[in-house]
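The structure under discussion appears below in the form of structure tokens.
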Amino acid sequence: MFSPAASVPRLAVLILLVLLIASFVGPQGYARADSWTVQLTRSQAKNFAETQAAAKSNWAFAISPDGGWGRSWEYATAEGARTRAMQECRLRLRPGKRDCALFAENGKRLMPAVIETRRVSKVYKPVNGRSAAAVIGLAPMSFRGNPQAAKAQVAAINAGSLNVANLPGDRALMTMLRDRSLATTSGFESVVYFGRPQAQRLIESNSGLLSIRFTGWRATREGAVCMENGRWATGKPFGNFCLVIHAIDNGRITFSWGDSNASRSAYLIAGDARFAHVR
């Protein structure tokens with residue numbers, strides 16, 4: 001038989017658990033903030049000193065209370081240096097660890113003696129399509145291509161009868177892709193980032209991440225997306241590289257590599273999936 005008196009302790013325990021969870025979980029997937037009296041670890045102090053001594057222009061240094069650190073230097077802008085230092089620091093995080101913050105830039109300390117920090121609930125480390133989608137999010141875009149016509153355009157590029165720069169670029173599709181990333185979800189993981197105007201492809205391999213940078217890219221209304229003048233990270237020429245987008249449905253992509261008829265799946269990531277991100 002149900003007893004109101006007996007249910008009171010259980011209800012109290014349930015309310016306490018809810019309050020505890022609410023006290024630890026904050027907005028945007030972060031756990032609640034913690035105060036931290038800033039004290040660099042031996043490793044952080046060593047790498048910060050090395051950065052100060054070696055960096056000459058637009059450098060930044062970021063740290064986490066849990067020992068992570070990241071640095072950058074010789075960027076075109078101070079903002080670019082800050083962004084990269086944070087990305088490098090977040091590579092060293094795991095869920096539950098406290099997030100990174102900027103410690104200094106260009107010879108000036110930015111961090112006060114005590115700061116509020118937040119524990120991250122999710123960490124994305126390049127490259128993994130599903131993880132990127134969960135942490136960075138999908139670009140809510142939709143598109144329908146013409147794979148057969150796009151394949152013909154790619155064949156002309158590969159045969160040398162058409163230059164990438166002469167492809168009939170489609171403003172709508174290029175706007176949809178620009179500043180976003182195509183991240184695969186099967187086989188060897190791969191990310192293609194579409195910049196302004198450069199592009200880069202990162203490929204997971206048994207020896208680590210392989211990188212190819214391209215000087216430019218164009219996309220057609222048929223769905224052909226081609227990048228030109230690629231070079232490996234070693235400087236060795238790679239040449240052109242194409243893929244064909246069959247469809248995009250609210251950020252979920254069906255595509256094929258330019259030299260293959262096999263259909264594959266990917267995500268259109270709402271940001272730069274070449275670097276670490278957290279939530």
Which pairs of donor and acceptor atoms, one on a side chain in residues 266-277, lie under 3.5 Å apart (sequence neighbours left out)?
| from | atom 1 | to | atom 2 | distance (Å) |
| --- | --- | --- | --- | --- |
| Asp272 | OD1 | Arg274 | N | 3.0 |
| Asp272 | OD1 | Arg274 | NE | 2.9 |
| Asp272 | OD2 | Arg274 | NE | 3.2 |
| Asp272 | OD2 | Arg274 | NH2 | 2.7 |
| Arg274 | NH1 | Gln200 | OE1 | 2.8 |
| His277 | NE2 | Asp272 | O | 2.7 |

Rounded to the nearest 0.5 Å, what separates atom CG in Asn58 from atom CZ in Arg82?
9.0 Å
Honestly curious: do Ile157 and Ile212 fall in one hydrophobic cluster under the side-chain, below-4.5 Å linking rule?
no
Whether Phe214 and Phe241 hold their rings parallel, tilted or perpendicular, with breakpoints at 30° and 60°
parallel
Could you tell me whether the side chain of His246 reaches within less than 4.5 Å of the side chain of Ser256, counting heavy atoms only?
yes
Restricting to non-hydrogen atoms, name the atom on Ser121 and the atom on Pro95 that form the minimum distance, rounded to 0.1 Å.
O-CB, 3.5 Å
Rounded to the nearest 0.5 Å, how far apart are CG of Leu173 and CZ of Arg178?
10.0 Å
Using only heavy-atom distances, determine whether the side chains of Gln198 and Thr215 contain a donor-acceptor pair under 3.5 Å.
no
Close side-chain approach of Ile253 and Ile245, heavy atoms under 4.5 Å:
yes
Ser181 side chain to Tyr193 main-chain N or O, any donor-acceptor pair under 3.5 Å?
no
What distance do Ser190 atom OG and Ile203 atom CD1 have between them, rounded to the nearest 0.5 Å?
5.5 Å
Minimum heavy-atom separation for Ala60 and Ala85, please, with both atom names.
O-CB, 3.7 Å
Minimum heavy-atom distance between Ala183 and Gly129, given as atom pair plus value
CB-CA, 3.7 Å
What closest approach, in Å, do Asn128 and Arg130 show between heavy atoms, and which atom pair accounts for it?
OD1-N, 3.2 Å
Please enumerate all residues that pass side chain to side chain donor-acceptor pair (under 3.5 Å) together with Arg84, with sequence neighbours excluded.
Tyr75, Glu88
Residues Arg90, Asp99: salt bridge by 4.0 Å N-O rule:
yes
Could you tell me whether the side chain of Ser265 and the main chain of Thr185 form a donor-acceptor pair under 3.5 Å?
no
Apart from Ile63 itself, members of its ILVMFWY cluster (side-chain separation under 4.5 Å) are Trp36, Val38, Leu40, Phe48, Trp59, Phe61, Trp69, Trp73, Phe103, Met111, Ile115
Taking the side chain as every heavy atom from C-beta outward, state whether Val225 and Val192 have any atom pair closer than 4.5 Å.
no
Apply the test side chain to side chain donor-acceptor pair (under 3.5 Å) to residues Gln153 and Thr220: give CA-CA distance (whole Å), side-chain angles for both, the deciding distance (0.1 Å), then the verdict.
CA-CA 9 Å; Gln153 293 170 332; Thr220 71; 2.8 Å; yes
Test your reading of the model: is there a side-chain donor-acceptor pair from Glu50 to the backbone of Asn47, 3.5 Å cut-off?
no
Would you name the heavy atoms of Ala199 and Met227 that are closest together and state the gap between them?
CB-CG, 3.8 Å
Please identify each residue that fulfils side-chain contact (heavy atoms from CB on, under 4.5 Å) with Asp249, with sequence neighbours left out.
Arg144, Ala247
Arg218 side chain to Leu167 main-chain N or O, any donor-acceptor pair under 3.5 Å?
yes
So does Asp34 pair up with Arg98, basic N to acidic O under 4.0 Å?
no
I'd like to know whether CZ of Arg92 has more than 12 heavy-atom contacts from other residues, nucleotides or ligands below 6.0 angstrom.
yes
Check the hydrophobic clustering (I, L, V, M, F, W, Y; side-chain heavy atoms under 4.5 Å; chains of links allowed) and say if Trp232 and Val191 are grouped together.
no
Of all the heavy-atom pairs spanning Asn250 and Ser142, show the shortest one and how long it is.
N-OG, 3.2 Å
Salt bridge flag under 4.0 Å for residues Glu222 and Lys151:
no
If hydrophobic clusters are built from ILVMFWY residues whose side chains come within less than 4.5 Å, do Met176 and Phe194 share one?
yes
Test of understanding: clusters of I, L, V, M, F, W, Y form through side-chain heavy atoms closer than 4.5 Å, transitively. Do Met141 and Leu243 belong to the same one?
yes
Do you reckon Leu93 sits in the same ILVMFWY cluster as Tyr124, going by side-chain contacts under 4.5 Å, direct or chained?
no
Side-chain contact, heavy-atom cut-off 4.5 Å: Cys89 with Ser64?
yes
Side chains of Val278 and Lys122: does their closest heavy-atom pair fall under 4.5 Å?
no
Taking only residues two or more places apart in sequence or in another chain, which ones pass ring-ring contact (aromatic ring centres under 6.0 Å, His included) with Phe255?
Trp257
Is the backbone N or O of Glu79 less than 3.5 Å from a side-chain atom of Thr83, with the two atoms forming a donor-acceptor pair by type?
yes
CG of Asn163 to SG of Cys226, rounded to nearest 0.5 Å, is 11.0 Å
Short side-chain donor-acceptor distance under 3.5 Å, Ser43 and Thr41:
no
Enter the distance from Leu91:CG to Lys125:NZ here, rounded to the nearest 0.5 Å.
7.0 Å
Kindly compute the distance separating CD (Glu105) from CG (Leu110), expressed to the nearest 0.5 Å.
5.0 Å
List for me each residue that meets side-chain contact (heavy atoms from CB on, under 4.5 Å) alongside Ala165, sequence neighbours excluded, and say none if there are none.
Glu228
